[in-house]
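Quick note on labels: first sequence line is chain A, next is B, and so on, each numbered from 1.
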Protein chains: 2
Amino acid sequence: MKTIAIVEDDEFLLEEIINTFESRGMNAVGVSDLKNAVREIIKLSPDLLVLDLNLPYQNGLEICTAVKSKINMPILILTARDSLGDEICAINLGADDYLTKPCHPDRLIARAQRLLSTYEGSLNLVRAGMLTVDSVSYKVSYKGENMVLPETSGKILLTLAKAYPETAAKEELVKTLWGTGEFLDPNILEVNIARLRKSLSEIGADSAVITVRGEGYKIAEGEV
Amino acid sequence: MKTIAIVEDDEFLLEEIINTFESRGMNAVGVSDLKNAVREIIKLSPDLLVLDLNLPYQNGLEICTAVKSKINMPILILTARDSLGDEICAINLGADDYLTKPCHPDRLIARAQRLLSTYEGSLNLVRAGMLTVDSVSYKVSYKGENMVLPETSGKILLTLAKAYPETAAKEELVKTLWGTGEFLDPNILEVNIARLRKSLSEIGADSAVITVRGEGYKIAEGEV
DNA sequence: AAATTGCCTTACAGCCAATGTAAGTTGATA
DNA sequence: TATCAACTTACATTGGCTGTAAGGCAATTT
């Protein structure tokens, strides 16, 4: 069953929204600890997040940005702030839809279900710079071009993508890929980085993996 | 560069929308032949479709349904019909967003770009029944579970998915997979169907491939 | 009920992509 | 220029994928 998390400080409205979802057979959970909303959301890992903007302690847009940078999850903004500026801002920050209160339950449900079905199958995408990596199939997308990486290359790229925009340390990479690298060829990582780059060159993304001398590797920054 | 197709019978408004997109560096094309809109859209294969509802010859919702059943493409409804019923209907038919005219260009652009980026990486998904198949990586999704199929199994499932909800004939499958099957083991398809089913059983979807005795195979129907 | 046809199951051997190891080369830094 | 980190190329091994083959099961027909 799909789980929907709701961040809303008005308790009556929260109850109403939860009922709306539950009456349609979905599992709705209110995020209670508004001070640590992001942590609670990550912990819940719902299939959809419904988010108010006017919140105590923290702005809804901040939560939106923080959540999106960690997990690829659809976010539906539901707010009383009917301003075009807010809407565009929210959407550019990664929100997937923007509805204004009061909102008819049927509309909310329809929009929510659309998001759920759109995200189906793309739930395990990790975005980093201009790359998109699927953590299950190791499919990489770059400027509309796709390819599937072999397992080792895929795991490396995934580790780099999760560390993005930071640099992934060499030891961390070796540890993630091969466990405690006691009896391993010290060259193993470099060889496989080269293989990854060679694969990525097929879709023109070979300069996406950057060497940070003495530290490790990272993915090139750049907006999509 | 991203291509956006626009279906709109009001020529002035069409021009305005095209300008809105082109001034942001996108490639916008008006669909001129409203009688054969669907065929023209399929031929164009744009990255996004902007669709009016009130059209001569054909209802916008019909176009929406027809296009979605053929290609996985984001569709943005832009209409003067400000009715909740229409909106919910459109969204349930597969539309990804619903905006009412008049619409501020910035809002249109923001929504369009959001859809483009959401669909990035999931462009090659083919839906069939309760299954979703990625035509590049052969990743299958079923009830939130995923797995990656080997090439032969993947190609078979993809052929079945494209034929959905029809039955794919045995000869067609053999031809698609192995070309003219002159010197082939006549058993080859059955063995690989069995392998496909065995793989799918890992995610509980083994009954998704149905045998049609004397004809071929099809994917089980069923809403998501 | 027996026969026939179509589909399924299991086993096996060949093949190829992917991988770890190794050794030699290039390039940056001090 | 010396040194070390990173890159390149080559090679042998391995394991999963694949087509072939043969026997069994089930549905349809006579």
Sub-4.0 Å heavy-atom contacts from residues 209-216 of chain A onto DNA chain D, ordered by number
A:Thr211, A:Arg213, A:Gly214
Please give me the minimum heavy-atom distance between B:Ala161 and B:Val133, naming the atom from each residue.
CB-CG2, 4.3 Å
Could you check whether A:Lys170 gets within reach of a base, just the sugar-phosphate, or nothing at all, counting any heavy atom under 4.0 Å?
sugar-phosphate
So salt bridge (Lys or Arg N to Asp or Glu O under 4.0 Å) across residues 143-155 of chain B, not counting sequence neighbours, yields B:Glu151-B:Lys155
So which atom in B:Val140 and which in B:Ile203 form the shortest heavy-atom distance, rounded to 0.1 Å?
O-CD1, 4.2 Å
Tightest non-hydrogen contact, residues A:Asn192 and A:Trp178, listed as ND2-CZ2, 3.7 Å
Please list, in 5' to 3' order, the outermost nucleotides of DNA chain D lying under 4.0 Å from any heavy atom of chain A.
D:dC4 to D:dA10
Take nucleotides 16-22 of chain C nucleotide by nucleotide from the 5' end and write B, S or -, depending on whether a protein heavy atom sits under 4.0 Å from the base, only from the sugar-phosphate, or from neither.
--SBBBB
Quick one: do B:Asp96 and B:Arg114 make a salt bridge, cutoff under 4.0 Å?
no
Summary of salt bridge (Lys or Arg N to Asp or Glu O under 4.0 Å) pairs that have at least one residue in residues 26-51 of chain A, sequence neighbours excluded
none
Between A:Arg195 (side chain) and A:Ser153 (backbone), is there a donor-acceptor pair under 3.5 Å?
no
Gap between atoms CZ and C1', on B:Arg197 and C:dC8 respectively (whole Å)
9 Å
Could you give the CD-to-C1' distance, from A:Glu190 to C:dA28, as a whole number of Å?
14 Å
A:Lys162, NZ atom: more than 12 neighbouring heavy atoms under 6.0 Å:
no
Output every pair passing salt bridge (Lys or Arg N to Asp or Glu O under 4.0 Å) with a member in residues 199-210 of chain B, not counting sequence neighbours, ordered by first then second residue.
none
